[in-house]
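First comes the structure, then the notes that go with it.
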Amino acid sequence: MSGTDYNYDEQGDFFPFFILTITSLVTIPVTYSLLKPSKELENTATRITSDFKPEHADLIDGQRKKQKRRERRLKRGIVSVAGWTVIGLMIYLIIVTARTTVKIWNPYEVLGVSTTATEKQITSHYRKLSRTMHPDKAREDLSRNITAQSINDRWVEIVKAHKALTDEEIRNNFLLYGHPDGKQSYSIGIALPKWIITDGHGKYVLLMYAIALGVLLPYTVGKWWYGTQRMTKEKILIASAGKLFREYDNDQGDSGVIGALSSGEEFNEILAGHKAENGLSKLEQRVLANGSETSISGSLTRKDREKLEDMEDSRRRKVLTLIWAYLGRIELDDETLNDEKFEVAPVALRLNDAYTAIALAYGNTKAVLSAYHTSQNLIQALPPGASPLEQLPHFTPAIASAAEADRSRTHLSIQEFMRIPVDQRKSRVVTPGLLNDAQYNKAIKVASQLPVLHVERAFFKVVGERHVTPSSLVQFVLKCRFMPPGSGNVPDIDLAELEDVDPDEGDLAAITGRKDDRSGLKPIQPPLTYAPYYARDHAPRWHVFLADSKQGKIAVPPFSFSTFDKPILDESGNHTYNVQTLKMQFGAPPQAGSYTFVMHMICDSYIGMDTKMEVTLHVEDASKAEEVESEEEISEPDEDTIAGQMRTLKSGGVPGADKAKKRRTQDDSSDGSDTDGDVDSESETDTDTDTDDE
Amino acid sequence: MWPFDAVDWLTLLAPFAYLFVLVSSLYVFTNVYRSRKAAQAASLEPWFPPHLQRNIYLSLLEQEDPKVPDSFLKAALLRRATEDIHRIVQIRNAKGALQVLLQRGSVGDDLWQRFQRAEKEIEEELRDVVNEANAFAPNWGQTIFQSASEMAQNTQIRDRLTDILATSESEKSWWDARKAAIQSSFMKELDEEKKSPLTADTVLVERGGPAEKGGKKKKKGKA
């Protein structure tokens, strides 16, 4: 190696600097990512307070802790600790290692004159010094450690310095380059200690290179690549996605979906090895026992039961039975089985997300609804067809059926139950053998905190237009309020709140939808799902989609909402009943006409809070829309509305000036100018009667 | 000899050894990778379970002693065509969805491969059935799938019907129980009415009761 051109860092002065830079490049970002608080919805939301403890709360908490451990970024922690140790060590080394820069002999310093001094001043100063420092003049002073020798040396130095400074060339060299010999050559150094390349260490360095480039790099790239290949977008294994796709069927109901979910490969990790069969017979006996009092036997149809019993793969059979046990909240009398029961649910929910994606790709409304209902069932640990009342603490099937008193085939939703007059409601469930007062109060307390999204108005609009024209970008606007079940004296809605005012024309960001009114502010989250049996935290999401009821297909795929634009609770924890605005955009159909859709709004976490209503989209011919526009007044909004007032303000007109004219035109325009897709009148918006329990 | 003496053979060997190692490792890698891929593709699970109806048909066809009558064979062929109809419907429905999912990265590549293989298989199968049908009667191949799809639909409708009818038993018993409950409560109410002397208050209360119940029922009916 030709090391002659470079200086290696023989004293090890710069090596610590090098290491320090490299380590901090890695350590600081890693530490940041380690300490950064998680922004996930589940970590920032509030909770619904209740001191209800379900059976086996310890097991559920254990599962939660297990998940926390899994999420703990241990590797990153180790890396950052090691990194900071190295950084500390290097800083220590830098401080400790003395600088060994060679001190250059400086005649100015020796004489004690400034560098700006002229030759004359230097000579005079030299004379002055010679009077005191000359060996003939200076005195020995042993007490101050001044010997004849030192005086001599000092004088020689002074003479030398004087000589150097009186020489024109040397002085100039000093002034220009700071060195008596003139310009110095630059040297390039490498911040590596020399021992790395000497003494045959070269081959080890080469070996390190070979390992880094030939082994580590391909390994990491390959691991990353195959890691991404193993997982789908929904974060499930590719193999599971394939199986779910194969298991998909348009017509399998909610229980069919649960059967399909059991095919996931993810369960193999939970039930690895001998766990696949342990306790299977006991489990089956518990869950499938004929005539047992468990709620599960009712919701398992004969077909499902046959399917379950015909399953050859014992692991899958166990998984499916565990899921059913979880949904039926069945006591399994076995610590490990109970633990496994709570463990399968979150996995099944993740698989269900993938199943939902598949159902959406098929676009079949019924199948998508089944998938969403399965998500509700999994989170609330209730079998399909169970009473929504069982979501409340202490409510068992028996209590729920007592609460439903009139014994109809359909179940009461929590909202309906809470609408029953207080005394009647209480007398139904608070009886010996059912609930006591404390339990009842606990349940009611939870019920009155549940976020039920109530649709107040739904309409279509195109930003900046009065009509929906063919192929335009339509906004479906939903105005809703959070109304907890049983909330009395709900304030009336301010009608202005139900309008959706277009942003100013100059406000590009708002028009393109990149910004809502609350940009920069923290979005508002509803509280986490109240799901005492589900071993994870889950933030509720609302899915809104439009379906074509004639074909049973989805017309506009779901938009999901998990955050809202206005506070749900005020400081003291009371509901504000603010009007929330949800918007979804899609392209209008290319032909003019009226299109009737069924709007579904489904909360993925609570049962019996789905909203279903008909909405009609009127698409006007482009030519007709223009015509209307040219006739100015015809579709002028009524000035009683906010939009109308805004309009008059903008145009500067005096309200009422052209009232007469408007009156005249109003009659014939009443039909055409109704741009806000026809929301079915009051009775339809009363969504509680329309809720879809199946 | 001059040129050979001047060469340091050992040093010259190094680059050649390097090249040799490089080329051979790449060669080994591609070989292993390809064979693995091929094995993987071969081991892919078939899309559909074994075709039972086809197997039945073929074994009937091959049976020599005693020979199976033609009518049996034709029926078996029709059964086979019906199953093919089920499969082709499934394939057609799945195709669009699978393409979307593949684009989005929600399913893996091998599922798509399996699907394409199944698609090819079903094409072959259809052609085979048409040929067989033509062998039985000229031009039957053009109509066999039409009749098969009608058969398939018929079975589907009948299945639905049996499913619905199967629930009648439980529905009936439930309604009977409900009717009995209503009747008994009504009788009890009547008895109480007879027992207690009529005062203005009780009348008012009792009027409120049934009216409220009626209102609730209306709501239910709508839902």
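Below, chain A is the first sequence line, B the second, and so on; all start at residue 1.
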So which part of B/W112 gets closer than 4.5 Å to some heavy atom of chain A, the side chain, the backbone, both or neither?
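Neither part; nothing is under 4.5 Å.
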B/Q99 portion near chain A, given a 4.5 angstrom heavy-atom threshold:
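Looking at B/Q99, nothing touches chain A.
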Look at A/I358, A/L237, A/I236, A/L244 and state which one has the largest set of heavy-atom pairs under 4.5 Å with chain B.
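That would be A/I358.
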Using a cut-off of under 4.5 Å on heavy-atom pairs, state which of B/G96, B/A177, B/A94, B/S106 scores highest against chain A.
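Looking at each of B/G96, B/A177, B/A94, B/S106 in turn, B/S106 comes out on top.
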What option among B/D163, B/L98, B/V107, B/D109 has the most heavy-atom pairs under 4.5 Å with chain A?
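Of the candidates given, the most pairs with chain A belong to B/L98.
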Minimum heavy-atom distance A/Y372-A/P558, with the two atoms named
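Scanning both residues, the minimum pair turns out to be OH-CG, 3.4 Å.
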Looking only at heavy atoms, which two atoms of A/S240 and A/E265 are closest? And how far apart?
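Residues A/S240 and A/E265, closest heavy atoms: OG-N, 2.9 Å.
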Taking CZ in B/R92 as the centre, count heavy atoms belonging to other residues, nucleotides or ligands within less than 6.0 Å. Is the count above 12?
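Incorrect, the count does not exceed 12.
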Take a 6.0 Å sphere around CZ of B/R104 and say whether it holds more than 12 heavy atoms from other residues, nucleotides or ligands.
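It does: B/R104 CZ has more than 12 such atoms within range.
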Below 4.0 angstrom, N of the basic side chain to O of the carboxylate: do B/K120 and B/E123 qualify?
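Answer for the salt bridge query: no.
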Proximal component of A/F245, with respect to chain B [non-hydrogen, under 4.5 Å]:
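Contact with chain B: side chain only.
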